[in-house]
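When a ligand or atom number is given, it counts from 1 through the structure's own listing order.
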Amino acid sequence: MDIIEKATEILDQGFVVGMPTETVYGLAARIDRPAGIESIFKVKERPFFDPLIVHVASLDQARALTTDWSSGAQALAQAFWPGPLTLVLPKSSFVNSMITSGLETVGIRMPNHPLALELIRAVGVPLAAPSANKFGRTSPTRADHVQEEFKNENVLVIDGGPCQVGLESTVLSLHFSQSERKYQLAILREGAISRAQIEKIMLEQNLPFQFQENPSKRESPGQMKHHYMPKIPLIIIQPDRDLSKVKEELKQKISELPDQIEGVTLIRPTQLDVFYELTLPRDPVLAARELYQRLREGGQSQADVIYFRLMPEVHTPEWAALRDRLFKAASLVLG
Ligand code: AMP
Ligand code: MG
């Protein structure tokens, strides 16, 4: 039996499977198996208020998940799918409210990975999948990361090689306002698809739109201040800081950190001797591909702390998604 057949059987029985995608590896369950959906939250130790993204292999599957497949949704899906854009749309009755954390909307995406698409086609039903890591921790971009993360839970992982994008999808909510006669768009999470790329498609298709700048917490749950955290603390420092001076300041600051923020336990080093420098390529596409792997390497090293020197590139629009992940992964930012 090949791995896709085996995975299909496991999913059919209402269990979870590690699925490769181009963004990060997902922990997948069939949307029509409540036991499987529940087990995603259990295995990940994820709170129920954080909704899951539903992965499809065709536009027909996407249409069936929402009550409002508008021309805007069609245009964006055609432009970016399969790819790293999640569309948040009003949910249809096919979508169980455990998947959406009780929200009336559902996040939908078609992943750009041949094995993910093959799996969804073989199953015949969309798969709900969050990133395959314990809640609040670094997302996995290789099959062995998922094995490592769930070594006690005995999860079958389909090895699809290293993820080509390396960061989670852009999450975009979209709805047509009848009163204003235009689409209301909001980026709920930054990712590889930029706001400029989305705007370009809307303009080309003559679709009137407006971006909402600061979506409310209710609309974008799961956007915690701390997320993606490696096993040892990540500290962000200014590029010109002298490391020995940083150590003094750190001792003080670390003792002042709370134990937990928004349900994520902060990791506090017991000593501050060995520092591991996180370095990233200057090209944001390459940096995205490397970030989580390097955070894991740092976490597995003998170091007490990982530090990252804020290179000037980090402040450019091309680094928006990386900047978001780096700052959320950090336990401290030193000025
Ligand atoms: P992940 O942790 O990669 O599975 O991403 C799931 C994230 O997508 C959530 O934490 C939310 O930020 C976002 N998301 C998924 N579904 C919705 C939804 N219905 N409304 C708003 N945001 C959503
Ligand atoms: Mg995640």
Problem set entry | S131 backbone or side-chain N/O/S under 2.8 Å from the Mg ion (ligand 2) | yes
Problem set entry | For D50, atoms of ligand 1 separated by under 4.0 Å from a heavy atom | 9 (C), 10 (O)
Exercise. Is there a path from L326 to L257 through hydrophobic residues (I, L, V, M, F, W, Y) whose side chains come within less than 4.5 Å of each other?
Worked result: no
Problem set entry | Sub-4.0 Å atoms of ligand 1 with respect to non-hydrogen atoms of V106 | 19 (N)
Exercise. Does R189 reach ligand 1 with a nitrogen or oxygen that is under 3.5 Å from one of the ligand's nitrogen or oxygen atoms?
Worked result: yes
Problem set entry | salt_bridge(R241, E249) N-O dist < 4.0 Å | yes
For this session: Examine E168 against ligand 1 and note whether any of their N/O atoms are separated by less than 3.5 Å.
Result: no
For this session: Output yes when the distance from some N or O of ligand 1 to some N or O of T105 is under 3.5 Å, and no in every other case.
Result: yes
Problem set entry | R296 CZ to R294 CZ distance, which is reported to the nearest 0.5 Å | 15.0 Å
Seminar exercise, completed: ligand 1 atoms nearer than 4.0 angstrom to some heavy atom of L103 are 18 (C), 19 (N), 20 (N)
Exercise. Parallel under 30°, tilted from 30 to 60°, perpendicular over 60°: which one fits the rings of W81 and W69?
Worked result: tilted
For this session: Let me see the working for R325 and L322 under side-chain contact (heavy atoms from CB on, under 4.5 Å), right down to the final yes or no.
Result: CA-CA 5 Å; R325 308 310 191 270; L322 276 155; 5.9 Å; no
Exercise. Can a non-hydrogen atom of K91 be found less than 4.0 Å from any atom of ligand 1?
Worked result: no
Exercise. Among P51, A128, S131, G107, which residue places a heavy atom closest to atom 14 (N) of ligand 1?
Worked result: P51
Problem set entry | Any side-chain heavy-atom pair of M19 and Y25 under 4.5 Å | no
Problem set entry | Contacting atoms of ligand 1, where contact means under 4.0 angstrom from a heavy atom of P130 | 4 (O)
Problem set entry | For L188, the ligand 1 atoms whose distance to one of its heavy atoms is below 4.0 Å | 21 (C), 22 (N)
Exercise. Which word best sums up how the rings of Y183 and F176 line up, parallel for under 30°, tilted for 30 to 60°, or perpendicular for over 60°?
Worked result: perpendicular
Exercise. Taking the side chain as C-beta and beyond, is there a heavy-atom pair between I198 and F209 under 4.5 Å?
Worked result: no
